[in-house]
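I have placed the structure first, in the form of structure tokens, so that the comments after it can refer back to it.
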Amino acid sequence: MRRDAFRVPRHPSSVGLARLRVCRHLAVCGHETGSEAADAALLVVSELVTNAVRHGPVLEREVEIAVTALHDGSCLVEVRDESTTVPHVRTANDGQGEQEESGRGLSLVGALAEAWGVARHRDGRGKTVWALLPSPAPPRATHSEVCALSHADIGTAVR
């Protein structure tokens, strides 16, 4: 298990900075840049940090991000801010519906994550939104690999 926790300023430009830092951490932990698992983690980080930046308290200066690469290949992403407002998944029926330009981030997080949630802090100062991303699926054999294995097994069985 490898964990990296860091803070970024509560500013829109920090979203890219958080993605870069998480990308580097995941690469060190064996998640190849551009892999499905790494891309999912970066998208979740983008969405959660964007929410913290856009909806956090005006006086809040920083957002804390933590990413933990677990032994089984799964990844835990956590974003802490000082807001006590619990985020909720919006649907097309909320607001202006399909014409809304924002508000779909948690739907993406829910689609990519094995589980996600919100933990309020005991001291009453904020919350942590977390998402557990599943380990990457094992590589699937190609059709030609399956055929080659089948022919090898048949040849062995006939002898």
V118: what forms a side-chain contact (heavy atoms from CB on, under 4.5 Å) with it, not counting sequence neighbours?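 Expected list: V86, P87, W116, K127, V129.
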
Could you tell me if R80 and H121 have a donor-acceptor pair between their side chains, going purely by distance under 3.5 Å? yes

Between H55 and S83: side-chain donor-acceptor atoms closer than 3.5 Å: no

Provide the closest heavy-atom pair for [X] versus [Y] in the form atom of the first, atom of the second, distance.
{"X": "C75", "Y": "L26", "value": "SG-CD2, 3.9 Å"}
{"X": "V89", "Y": "S107", "value": "CG1-OG, 3.3 Å"}
{"X": "T84", "Y": "G124", "value": "CG2-O, 3.5 Å"}
{"X": "P134", "Y": "L112", "value": "CD-O, 3.5 Å"}
{"X": "A131", "Y": "V109", "value": "CB-CG1, 4.0 Å"}

Please list all pairs meeting salt bridge (Lys or Arg N to Asp or Glu O under 4.0 Å) that have one or both residues in residues 26-45, counting only residues at least two apart or in different chains. none

Tell me, which pairs form a salt bridge (Lys or Arg N to Asp or Glu O under 4.0 Å) where one or both residues lie in residues 60-69, sequence neighbours left out? R7-E62, R7-E64

Using 0.5 Å steps for rounding, measure from the [atom1] atom of [X] to the [atom2] atom of [Y].
{"X": "L133", "Y": "L42", "atom1": "CG", "atom2": "CG", "answer": "10.0 Å"}
{"X": "H71", "Y": "S135", "atom1": "NE2", "atom2": "OG", "answer": "13.5 Å"}
{"X": "R125", "Y": "D81", "atom1": "CZ", "atom2": "CG", "answer": "11.5 Å"}

Check whether any side-chain heavy atom of V63 lies under 4.5 Å from a side-chain heavy atom of V79, and answer yes or no.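 The answer is yes, as the side chains (C-beta and beyond) meet within the 4.5 Å cut-off.
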
Mind checking whether L106 and L48 have side chains closer than 4.5 Å, heavy atoms only? yes

My understanding is that only residues two or more places apart in sequence, or in another chain, count here; which of them pass salt bridge (Lys or Arg N to Asp or Glu O under 4.0 Å) with R19?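 Salt bridge (Lys or Arg N to Asp or Glu O under 4.0 Å) list for R19, sorted by chain: empty.
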
Under a single-linkage rule joining Ile, Leu, Val, Met, Phe, Trp and Tyr whose side-chain heavy atoms are separated by less than 4.5 Å, which residues share a cluster with L132? M1, L70, L76, W130

Any donor-acceptor pair under 3.5 Å from [X] side chain to [Y] backbone:
{"X": "H11", "Y": "V53", "result": "no"}
{"X": "S14", "Y": "R10", "result": "no"}
{"X": "R2", "Y": "V28", "result": "yes"}
{"X": "S35", "Y": "A38", "result": "yes"}
{"X": "R3", "Y": "A66", "result": "no"}

Partners passing side chain to side chain donor-acceptor pair (under 3.5 Å) against D72 (at least two apart in sequence or in another chain): S74

Yes or no on side-chain contact (heavy atoms from CB on, under 4.5 Å) for I65 and V49, after CA distance, side-chain angles and deciding distance? CA-CA 8 Å; I65 298 115; V49 174; 3.7 Å; yes

Full working for side-chain contact (heavy atoms from CB on, under 4.5 Å) between L17 and R21: CA-CA 6 Å; L17 188 64; R21 177 94 180 243; 5.9 Å; no

